[in-house]
Amino acid sequence: MLDSLGNLKRTHYAGALRAAHEGQSVVLMGWVAGRRDLGNLIFVDLRDREGIAQIVFNKEAHPTAHWKAEQLRSEYVVAVEGRVMRRGKPNPELASGEVEVVASALHILNTSATPPFVIEDEISASEETRLRYRYLDLRRPQLQNNLALRHKVILEIRRAMDELGFYEVETPMLTRATPEGARDYLVPSRVHPGQFYALPQSPQIFKQILMISGLDRYFQIARCFRDEDLRADRQPDFTQLDVEMSFPTQDDVFGVIEQVMQRAWRVIGADVKIPFRRMLHQDAIRRYGSDKPDLRFGMELADVTPLFEAGRETLKFEGSVFALAAPGGASLSRKQLDELAEKAKSFGARAMYTIKVAPEGITSGLAKTLGEEAVKKIAEAAGAKAGDLVVAVAAQKQIKGTDNAALVAGQMRLHLAEKLRVIPSGQWDFVWLTGFPLFEWSTTEDRWVPAQHPFTGIIEEDLEKLETAPWEVRSKGYDLVLNGVELGSGSVRIHRADVQARLFRAIGLSDEQARSRFGFFLDALTYGTPPHGGIALGLDRTVMLMAGEKSLREVIAFPKTTAAQDLMADAPNTVPQEQLDELSIQVRLKNEE
RNA sequence: GGGGCCGUAGUUCAGUUGGUUAGAACGCGUGCCUGUCACGCACGAGGUCGCGGGUUCGAGUCCCGUCGGCCCCGCCA
C-alpha cells in the first residue's frame with residue numbers, strides 16, 4: 001500500500017522551516033522521528049538532514065491524510081504536502097519550533113522495520129549496536145552535524161590550499177611495502193603470484209618525489225593505512241591533510257598551516273590567533289611531562305629531586321621526583337588520595353607523595369623524613385596556593401632518553417586536571433613543538449631508530465655528530481599539538497643524496513639494504529632534488545576536536561572497532577577458496593602450526 | 001602481547017548468601033483520546049541470562065575456557 005514519489009518535488013527541508021515561511025505551501029520529505037496520536041489529531045515529527053519539523057494531521061480538516069497518518073510508524077519514509085502555520089505554543093527545543101505544517105496530503109513512500117534503538121541524540125544504545133546498525137546511527141542529528149562539519153572543513157581547507165598555490169595530487173593506494181615504521185596492510189598481486197602491494201602508511205615518498213618533479217607545492221586529502229592496535233583517537237584507515245613544498249624554511253611551512261587552520265576554525269565561528277606558540281621538545285617534557293602538552297591550563301611540573309635527596313634512603317626511591325599543584329585538591333578525601341596513588345602506580349610511578357596546602361598550614365607525611373622546610377620548598381616549587389594539593393611522583397630514571405618521572409607527572413597532571421575540572425572549554429591552544437632529537441634508542445631492536453621517519457632533515461651543525469654522537473643530533477622535525485592532542489608532524493627533509501646515505505648507515509642499514517628498500521628514491525634524490533619540507537595533519541582528529549568529540553568514531557562515517565573490525569559490513573572476513581587459489585595464497589593459521 | 005570495565009527481553013539496565021514461574025523502564029502491538037512535543041490512559045506480546053565446559057541435589061549467580069564491545073599500556077618511523 002505504498003505511494004510512489006511520482007512527480008512530487010520537495011520544496012523545503014523540514015529542519016529549515018522558520019517563522020518566515022508562515023502561510024507557504026510546502027512539500028517535505030523525510031523520516032518519521034516520532035508520532036503522538038491523540039485520536040482525531042496526530043502529531044508527527046518529520047526528520048530530514050537539516051532537522052525536525054512538526055506535522056499536524058487533523059481528521060476534520062483532512063480525513064484522508066489523517067487516516068494514512070494512523071498507519072505511520074517510526075522511521076517510515078514519507079512525503080507531506082501542507083501549509084506552514086505559526087504555532088499557538090512554540091517549542092523552543094526545535095529550530096523550527098515557531099511553526100508547524102498542517103498536512104493536507106500524506107504519501108507513505110516506504111515502511112521501516114522497528115529500529116533496534118530510538119534515533120535521537122541522547123543515544124542509549126551500546127557502541128556495538130550503533131556500529132552494527134551504522135546506517136541508523138548516522139541518522140542521528142549529532143552524527144549528521146559531524147559529517148556536515150567534516151565536509152565544510154575539508155572544503156575550506158581545499159579552498160585555502162588552492163589560494164596558497166598548492167596543487168592537489170593523488171598518489172597510489174597500491175604501492176610497495178615500507179620496511180620501517182608501522183605494519184603494512186598487504187594486497188596480493190594476481191598477476192605476480194607471491195608478490196604483494198601495500199596500502200600506504202602515508203604518501204611520504206611520493207610527495208617528496210613530487211617535489212623532485214618540480215610540482216613546487218603539493219597537498220592531498222589522503223587516506224592512510226596502518227596495521228597497528230587501535231585507540232579512541234586511532235583508526236586503521238584514516239585521513240591526513242598531506243602537504244609538501246619546495247624551497248621552504250620551517251617558518252614557511254608553519255605559516256601555511258597556521259593560515260589553513262585559522263580558516264578551518266572559522267567554520268565553527270572560532271577566531272584562532274596566529275602565529276601559534278612554539279616550544280622546544282625538552283621544555284614540553286620538563287614543564288608538562290608530555291611531548292604533546294595541553295596548554296589550556298597551568299599546573300606546570302617542578303623537578304624537586306634535589307629537595308628529596310635527604311629522604312632517598314628512607315623513602316627508597318630511585319630516579320627523580322616531579323611535583324605539581326592540583327588546584328583545590330586539598331579537599332580530596334583519604335579514599336580519593338588512595339585512588340590517586342593507584343593511578344600514579346598504573347602510570348608507572350614508584351611512589352606518590354602528597355602535601356596538603358591549607359590556609360591554616362601545610363601538612364604532609366613527608367615532613368618527618370624531609371623536614372618542614374623542605375616540604376614548604378616543594379610546595380613553593382610547585383606553585384601551590386592555599387587549598388591546593390601538591391602531588392609528587394618518583395619514577396625510574398629514563399625511558400627512551402626522557403625522564404620517566406616527568407612523564408608520569410605529566411599523566412597525573414592530565415588526570416587531576418580532568419578530575420578537578422580545571423580544563424576550560426572553547427579554548428584552542430595550538431603549539432608547535434621543535435628541537436626533537438633525530439634518534440631514539442629502540443630497546444626492542446637494540447639500535448638507534450629515527451624518532452620520526454628516515455627522511456627528516458638534520459640541523460646542519462649537528463651533521464658531524466651523526467656518526468660519533470647520534471643521541472645529540474637534533475632534527476628539523478616539528479609537531480603541531482592542539483589541546484594536548486597531536487594533530488600532526490612534519491619536517492624540512494633531507495634533500496642531499498650523500499646525507500641520506502649517511503643517515504641510513506647511522507641507523508644500521510648497509511648501502512645494499514638501503515638500496516634494496518629505497519633504491520628508486522635514492523636514485524631520484526640524485527637528479528636535482530630541491531630543498532623541500534612539509535607536514536601531515538590528522539584530519540579525523542582535527543574534526544574530532546572541532547566537533548568536541550572524544551572519539552574518532554564520531555567523525556568517521558564507517559569506523560572500525562578496537563579490534564579493527566567493521567561490524568556493519570562484517571570485515572575482515574574469509575574469502576572463497578577459488579579467490580585464494582587465483583592469488584596463489586595458502587592460509588596457515590598460527591595456532592595450527 | 002598485557003591490564004581494567006562490561007555482556008540478562010528489540011534497547012538500556014536491576015537481579016540479595018547458589019534455591020519456586022528471571023524483573024523494571026523505554027521501545028513494540030491493540031484499543032481510547034482535538035494541541036501534543038519524553039503526550040496520556042488501559043490491555044498485551046516479548047528471554048538460548050554471549051557461547052562451551054566444570055562444581056553442585058540445584059547455576060543468571062561460583063570456577064575454567066572462549067567470543068564480542070569499550071578504555072589504557074606496549075605498538076603507532
Side-chain angles (χ1 to χ4, degrees), chain A residues 33-46 52-61 66 70 73-75 85 87-94 96-97 100 102 112-120 122-133 136 178-184 201-202 204-205 224-236 238 342-343 345-348 399-400 407-408 411 415 436 438-440 442-445 447-456 475 477 486 489 491 503 507 509 517 536 538 550-551 553 560-565 567:
Chain A
R35 186 181 63 127
R36 293 172 294 282
D37 187 345
L38 277 62
N40 291 330
L41 205 58
I42 299 174
F43 296 95
V44 167
D45 290 333
L46 185 72
I52 281 176
Q54 174 166 283
I55 318 292
V56 199
F57 295 91
N58 189 316
K59 192 171 190 177
E60 271 180 24
H66 178 273
E70 285 181 324
R73 296 293 181 271
S74 287
E75 302 308 316
M85 304 292 273
R87 290 210 213 179
K89 215 195 298 170
N91 181 354
E93 302 288 313
L94 283 183
S96 68
E100 64 190 2
V102 177
S112 168
T114 302
F117 52 86
V118 182
I119 294 159
E120 58 190 2
E122 300 78 33
I123 187 79
S124 62
S126 69
E127 194 89 21
E128 190 174 352
T129 309
R130 290 177 52 198
L131 288 173
R132 189 153 278 135
Y133 299 93
L136 298 179
T178 42
E180 304 257 339
R183 296 183 186 88
D184 288 310
Q201 295 176 25
S202 78
Q204 185 62 35
I205 288 183
C224 306
F225 306 86
R226 293 177 192 176
D227 186 4
E228 294 294 342
D229 289 342
L230 277 61
R231 290 284 190 283
D233 63 351
R234 267 160 39 187
Q235 283 273 313
F238 59 101
E342 271 310 301
K343 204 78 193 171
K345 286 228 170 83
S346 79
F347 290 145
I399 284 189
K400 281 187 178 173
L407 297 180
V408 173
Q411 285 181 280
H415 176 71
F436 289 90
L438 186 67
F439 300 110
E440 58 186 34
S442 169
T443 45
T444 50
E445 296 179 57
R447 66 182 178 106
W448 289 101
V449 297
Q452 211 206 3
H453 56 61
F455 315 111
T456 304
S475 87
E486 186 193 316
S489 64
S491 61
L503 186 280
I507 60 173
L509 284 185
R517 294 174 187 186
K550 289 222 153 42
S551 167
R553 292 185 297 272
K560 291 178 179 62
T561 67
T562 45
Q565 286 182 295
L567 293 181

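Letters A, B, ... mirror the listed sequences (proteins, then strands); counts begin at 1.
B/rC13 and B/rG27 have their C1' atoms separated by 14 Å, given to the nearest Å. When the C1' atom is used for both B/rU12 and B/rG19, the distance is 28 Å, rounded to whole Å. When the C1' atom is compared between B/rG65 and B/rU21, the two are found 32 Å apart, to the nearest whole Å. B/rG69 and B/rC63: their C1' atoms are spaced 24 Å apart (whole Å). B/rA22 and B/rG40 are spaced 30 Å apart, taking the C1' atom of each and rounding to whole Å. Between B/rC28 and B/rG10, the distance separating the two C1' atoms is 8 Å to the nearest Å. Of the P atoms belonging to B/rU11 and B/rC49, the separation is 14 Å, rounded to the nearest Å. One P atom belongs to B/rU56, the other to B/rC73, and the distance between them is 44 Å to the nearest Å.
Counting heavy atoms from C-beta on, the side chains of A/Gln411 and A/Lys343 never come closer than 4.5 Å. Proximity of A/Leu136 to A/Pro116: side-chain heavy atoms (C-beta onward) are separated by under 4.5 Å at one or more points. In this structure the side chain of A/Gln54 reaches within 4.5 angstrom of the side chain of A/Arg87, judged on heavy atoms. Side-chain contact check for A/Leu567 versus A/Thr561: some heavy-atom pair is nearer than 4.5 Å.
Rounding to the nearest 0.5 angstrom, the gap separating the CZ atom in A/Arg553 from the CG atom in A/Leu230 is 8.5 Å. From A/Tyr133, atom OH reaches atom CD1 of A/Ile119 across 12.0 Å, with rounding to the nearest 0.5 Å.
A/Arg231 has a side-chain polar atom (N or O) that falls below the 4.0 Å cut-off from OP1 or OP2 of B/rC73. Considering only side-chain N and O atoms, A/Lys89 lies under 4.0 angstrom from the phosphate OP1 or OP2 of B/rU36. Contact check, A/Arg36 against B/rU36: no side-chain N or O comes under 4.0 Å of OP1 or OP2. The side chain of A/Arg234 places no N or O atom within less than 4.0 Å of a non-bridging phosphate oxygen (OP1 or OP2) of B/rC71. Side-chain N/O atoms of A/Thr562 include one lying less than 4.0 angstrom from OP1 or OP2 on B/rC70. Residue A/Gln54 has no polar side-chain atom (N or O) positioned under 4.0 Å from OP1 or OP2 of B/rG35.
Judged by distance alone, with hydrogens and angles left aside, A/Arg87 brings a side-chain donor or acceptor within reach of the base of B/rC37, the pair sitting under 3.5 Å. Under 3.5 Å, the side chain of A/Glu100 and the base of B/rG35 form at least one donor-acceptor pair of N or O atoms. A/Asn91 contributes a side-chain N or O that forms a donor-acceptor pair with the base of B/rC37 under 3.5 Å.
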- Would you check, one step at a time, whether the test side-chain contact (heavy atoms from CB on, under 4.5 Å) holds for A/Arg73 with A/Thr114? CA-CA 8 Å; A/Arg73 296 293 181 271; A/Thr114 302; over 6 Å; no
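In terms of modelled atom types and a separation under 3.5 Å, the side chain of A/His66 and the main chain of A/Gly39 share a donor-acceptor contact. Between the side chain of A/Asp37 and the backbone N or O of A/Glu70, no donor-acceptor pair lies under 3.5 Å.
Put simply, NZ on A/Lys343 is 9 Å from C1' on B/rG4, counting in whole angstrom units. A/Phe57 has its CZ atom 18 Å from the P atom of B/rC37, to the nearest Å. Rounding to whole angstrom units, CZ of residue A/Arg132 and P of B/rG7 are separated by 17 Å. To the nearest angstrom, P of B/rC73 lies 12 Å from CG of A/Leu407. A/Asp37 places its CG atom 13 Å from the P atom of B/rG40, with the value rounded to the nearest Å. For the pair A/Asp184 CG and B/rC76 P, the computed distance is 13 Å after rounding to whole Å. The interatomic distance linking A/Leu94 (CG) with B/rC37 (P) rounds to 13 Å, in whole Å. In this structure, A/Lys345 atom NZ and B/rC73 atom C1' are separated by 17 Å, rounded to whole Å.
Pair assignment for B/rC75: none, as no Watson-Crick or G-U wobble contacts are both less than 3.5 Å. In a base pair of the Watson-Crick type (N1 to N3 plus N6-O4 or O6-N4) or a G-U wobble (N1-O2 and O6-N3), with each distance short of 3.5 Å, B/rG18 is matched with no nucleotide. Pairing of B/rC13, defined by two Watson-Crick or G-U wobble distances under 3.5 Å, is identified with B/rG23. With a cut-off of 3.5 Å on both pairing distances, B/rU55 has no Watson-Crick or G-U wobble partner at all. Pair check for B/rG29 finds B/rC43; Watson-Crick or G-U wobble, both atom distances under 3.5 Å. Both distances falling under 3.5 Å, in either a Watson-Crick or a G-U wobble arrangement, place B/rU66 opposite B/rG50.
Listed candidates were B/rC71, B/rU34, B/rG69. Nearest to the side chain of A/Glu127 is B/rG69. Of the candidates B/rC72, B/rC76, B/rU36, the closest approach to any side-chain atom of A/Phe43 belongs to B/rU36. In the set B/rG29, B/rC75, B/rC70, the nucleotide with an atom closest to the side chain of A/Thr561 is B/rC70.
For the side chain to side chain donor-acceptor pair (under 3.5 Å) test with A/Thr178, the passing option among A/Gln201, A/Gln204, A/Arg517 is A/Gln201; the others fail.
Residue-level contact check: A/Gln201 touches neither bases nor backbone, having no heavy atom under 4.0 Å from any strand. Using a 4.0 Å heavy-atom distance criterion, A/Lys59 is classed as making no nucleic acid contact. Within the 4.0 angstrom heavy-atom criterion, only backbone atoms of the sugar-phosphate kind lie near A/Ser74; the bases stay farther away.
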Look for any protein N or O under 3.5 Å of an N or O in nucleotides 8-11 of chain B and output each such pair with its distance, or none.
unit_1, atom_1, unit_2, atom_2, d
B/rU11, O4', A/Pro116, O, 3.0

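Using a 4.0 Å cut-off between charged side-chain N and carboxylate O, A/Arg36 and A/Asp45 make a salt bridge.
For the pair A/Ala61 and A/Asp45, both in contact range of RNA chain B, the more 5′-proximal nearest nucleotide belongs to A/Ala61.
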